[in-house]
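First up is the structure itself, then whatever we jot down about it.
Note that the structure is a prediction, hence the values are computed from the model and not measured.
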Amino acid sequence: MLIATWNVNSVRARLPRLLPWLETLRPDVVCLQELKCRDEDFPAGPLEELGYNILSYGQKTYNGVALLSLERAEDPIRGFPGDPDASQKRVITATFGDLRILNAYVVNGREVGCAAYQHKLDWLAKLREFVAAQLSEYPRLVLTGDFNITFDDRDVYDPEAWREKILCSTPERAALADLTGLGLTDLFRYFHDEGGHYSWFDFRTRGFQRKLGLRIDHFLASGPVLEASRDVRIDLVARDGEKPSDHAPVLLELLEQSEPSERGMTAETDTP
DNA sequence: ATGGTGGATTTTCCA
């Protein structure tokens, strides 16, 4: 089973890259961020032709998230339940088989100390509350998306230049650690200990050509999903070439789900 | 310190 996350930086502008990528990889679930379009403007037709079901939660110009899946999604939730401020469409959640997937586009925050930065920390606190509630209901859970936060200096091409800057500051990293503190594991780091692997490269500095980037797109998984995980990789080919997004897709490979009867048998027959 | 590029919508905002 293959699950992907990709900040596409406008789903309509990225369609010429997204469609052949879907045809080649055929991920079972794709978590998209930064749609930059309303749901009625989402290019559903060509994606449905490839066999994908679509759950989108978009708005004009900014933000927007979607879940594409080969199998139909169940129990979707758009945004945070009961959130009075639904002006920014940044999170969508659904169940696929026995897996609960939360797809988030975390607030960027612009600059440490500004109003947007405080909004980022406030939003992350709401995300944590939502994830905790979902975990109590769905133990097999994946939280993925564009977190706009590096875990540590291994995720940064020039740690000294980025010290306490946006995407790298101590309060942001503490908020990220608060999420993993719920019992979630950074799956990329679980499989790859070394630094130098990045998922975002700045257009402005021609970061991709210079291999200077940050790792800010993550898969955080609960224990049962960690046990079923095979590998996480960053698809740099999709970041290269004509009209790419500034983010590369990140891919999680899971062991195939066991049959319900098989699971039941294992649980009962494992005990001597 | 600034600007560089890219997308959507517009003469600027956000990343």
Which letter, B, S or -, goes with each nucleotide of nucleotides 7-15 of chain B from 5' to 3', with contact meaning a protein heavy atom under 4.0 Å? BSS---BSB

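At a threshold of 4.0 Å, the pair A:Arg189-A:Asp155 counts as salt-bridged, since one of the basic side-chain nitrogens sits closer than that to a carboxylate oxygen. The pair A:Asp186-A:Arg215 meets the salt-bridge criterion, with a side-chain N (NZ, NE, NH1 or NH2) lying under 4.0 Å from an Asp/Glu carboxylate O.
Applying the salt bridge (charged side-chain N to carboxylate O under 4.0 Å, His left out) criterion to A:Asp153, with sequence neighbours excluded, gives A:Arg163, A:Arg173.
Ring pair A:Phe80/A:Trp123 is tilted by interplanar angle, where 30° to 60° counts as tilted.
B:dA1 sits 26 Å from B:dG6 when the P atoms are compared, rounded to a whole Å. Rounded to whole Å, the P atom of B:dT10 lies 28 Å from the corresponding atom of B:dT2. The separation of B:dT9 from B:dG4, taken at their P atoms, amounts to 24 Å, rounded to a whole angstrom.
A:Pro244 is not listed as a side-chain neighbour of A:Phe201, based on a closest heavy-atom distance of 4.5 Å or more.
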